[in-house]
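First the structure, in the form of structure tokens, and then the observations on it.
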Number of protein chains: 2
Amino acid sequence: MAGSAGLQRGAGVSLWRQIADRIRLGVAADLADQNGRLPPETELAERFGVNRHTVRAAISALAHEGVLQAAQGRGTYVRRQRRLVYPIGEKTRFSAGLEGQSHDLRSELLSHRREAASPEVAEALGLRPDEETVRLEVLGSADGTPVSRATLWFSSSRFPDIADHFVRTGSITEALTRSGIADYSRASTTVEARHADEADTGELRLSPGAIVLFMRALNVDPDGAPIQYSLTRFAADRMTLLIQSPRQPGGG
Amino acid sequence: MAGSAGLQRGAGVSLWRQIADRIRLGVAADLADQNGRLPPETELAERFGVNRHTVRAAISALAHEGVLQAAQGRGTYVRRQRRLVYPIGEKTRFSAGLEGQSHDLRSELLSHRREAASPEVAEALGLRPDEETVRLEVLGSADGTPVSRATLWFSSSRFPDIADHFVRTGSITEALTRSGIADYSRASTTVEARHADEADTGELRLSPGAIVLFMRALNVDPDGAPIQYSLTRFAADRMTLLIQSPRQPGGG
DNA sequence: TCGAATTTGTGCGTATGTATG
DNA sequence: GCATACATACGCACAAATTCG
């Protein structure tokens, strides 16, 4: 049964990368022992039905990613890594939800500009086609590792200074408060998953073939009027989305 | 500017697969014209900074997936394809939410067995460690294409005949009704995204490197007692998750 | 019906990346 | 590290199908 283990040749993804993906998954589960030590390369090679060289290439890639650390003579060890949990609910806040999960959480404004609303944005925000919007590009990091990349749109006439407010406060919620929005809530959220595109691999420091969780969200004011539309790309291997039910204590 | 377009060589993912992933994304956006026709291969090759053969390999893979269709002399066209929308809310039901989106929706029981609860399952269902559970493997299909693969656990003592009921009714909700559960609700849901593993590539007919949305869910009865824990893998390119807010009319 | 332009389909030789032992 | 086999990517050339004047 030490056969191909489901790996495919000639499918455009090298065996060592397929194995790296499997090991990355297995790391959370049963692959490592209590001390976080991986089985020896020869055993992994046999289990995956490949040559030891191929397993070494996979481990090398994961070591470069920071997932594993190989030590000559001692074995290969899993480096501590926690997924961040991003709560989604009626009262979802961009950074508040992640608080306490990391020492150093940052939201950095990469760029901002005014632009005419695309059909998608216009419909979401309830604007006339081509009405002007303010668009922000925000990079979220935890302990120096980028975890999310968000594009946010606001009505330019209602929130002319949103970019300034965000730069000064480092928080969308605060920036909205200074724009006169005392409270807001999440009206709709959709989630998809895609392969990282060029911008993702650059900003989130991902390798080709890596996965991003793709979240579309619309926030509304207490009257139900749309105030903010956003597309957020999360580095999928660093994040879990937690969907909060209204009553139940979203336990886990 | 017709440079590398962000493609990476020697990263374990072939150029043609990276390009196929980009084209698959671009299909929804601006890549095709109004008639669903893609730019000619020579233009795509220049845009991606690769040889035409490489673009052809990408197109060939997407044609095999059913995303594109090439016609000699006429061009390459996008085949109509809709994403299914899976609503997640307090009253999420396995198949009811997808109703009306496809002519032919099916839930097929692949296998079932009794097994001792793993620590994860025991904690979720509130069982003693190693208490017996019933485990179902269910494959969901739309119009003959598999879209989801779910593993469900129930308390064996409370739901001894759940597998029989499911086989006869083809519905989890119905099977629970016959087990005396008139109503239930979603207590917690988490979402991650991963690369397809061996079972995913087989059952969901995915290629290596493909993405699955990974959903953990716990359903409880009206008293708040856990009745069902499940892990669902969705083929990510066939599905959008819609997170329903309690009050707001989860609009699009 | 005839060409000419456009676009996909095919073959071959060669260099590099991947996988084995 | 080395030798071998296969997959990937390139460049060039040409064939086959469609469209249009």
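By convention in this document, chain letters (A, B, ...) are assigned in the order of the sequence lines, proteins followed by strands, and residues within each chain are numbered from 1. Scope of the values below: all heavy atoms of this structure, side chains included, with no hydrogens, waters or symmetry mates.
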Hey, what are the protein-to-nucleotides 10-14 of chain C N/O distances that come in under 3.5 Å?
residue	atom	partner	partner atom	Å
C:dG11	O6	B:His53	NE2	2.5

What is the distance from atom OG of B:Ser188 to atom CG of A:Leu242, rounded to the nearest 0.5 Å?
7.0 Å

At less than 4.0 Å, is any side-chain N or O atom of A:Asn51 found next to OP1 or OP2 of C:dA19? Yes or no.
no

Should the heavy atoms of other residues, nucleotides or ligands under 6.0 Å from CZ of A:Arg106 be counted, would the total exceed 12?
no

Would you mind reading off the distance between B:Arg37 atom CZ and C:dT6 atom P, rounded to a whole angstrom?
12 Å

Whether the B:Arg233 and B:Thr151 side chains hold a donor-acceptor pair (N or O, under 3.5 Å, no angle test) is what I'd like checked.
yes

Separation of C:dT7 atom C1' from B:Tyr77 atom OH, nearest Å, is 10 Å

Checking all strands, does B:Ala57 fall into the base, sugar-phosphate, or nothing category for heavy-atom contacts under 4.0 angstrom?
nothing

Rounded to whole Å, how long is the line connecting atom CZ of A:Arg9 with atom P of D:dT8?
12 Å

Close side-chain approach of B:Ile23 and B:Leu68, heavy atoms under 4.5 Å
yes

Whole angstrom is fine here: how far is it from CG in B:Leu7 over to P in D:dT8?
16 Å

Using whole Å, what does the distance between atom C1' of nucleotide D:dA16 and atom CD of B:Glu41 come to?
13 Å

Between B:Thr240 and A:Glu192, is any side-chain donor less than 3.5 angstrom from a side-chain acceptor?
yes

May I have the step-by-step check of side chain to side chain contact (heavy atoms under 4.5 Å, CB included) for A:Trp153 and A:Leu231, ending in yes or no?
CA-CA 9 Å; A:Trp153 285 272; A:Leu231 298 182; 3.9 Å; yes

Quick one: is D:dC10 close enough that its OP1 or OP2 comes under 4.0 Å of any side-chain N or O from B:Thr54?
yes

Collect all protein-nucleotide pairs involving nucleotides 19-21 of chain D in which both atoms are nitrogen or oxygen and the distance is under 3.5 Å.
none

If I compare all heavy atoms of A:Pro208 with all of B:Gln8, which pair ends up nearest, and what's the gap?
CD-OE1, 3.3 Å

Under 4.0 Å, heavy atoms only, any strand: does B:Thr76 hit a base, just the sugar-phosphate, or nothing?
sugar-phosphate

Near DNA chain C, under 4.0 Å by heavy atom, which residues of residues 11-19 of chain B?
B:Gly12

Can you name the closest pair of heavy atoms from A:Ala58 and A:Trp16 and give their distance?
CB-O, 3.2 Å

Expressed in angstrom and rounded to an integer, what is the separation of A:Ile59 atom CD1 from C:dA19 atom P?
14 Å

Quick check on B:Arg238: does its CZ atom have over 12 non-hydrogen neighbours (other residues, nucleotides or ligands) under 6.0 Å away?
yes

Show your working on salt bridge (charged side-chain N to carboxylate O under 4.0 Å, His left out) between A:Arg113 and A:Glu115 and close with a plain yes or no.
CA-CA 6 Å; A:Arg113 68 171 193 228; A:Glu115 68 177 18; 2.9 Å; yes

Exercise: identify the closest heavy-atom pair between B:Thr232 and B:Ser148
CG2-CB, 4.2 Å

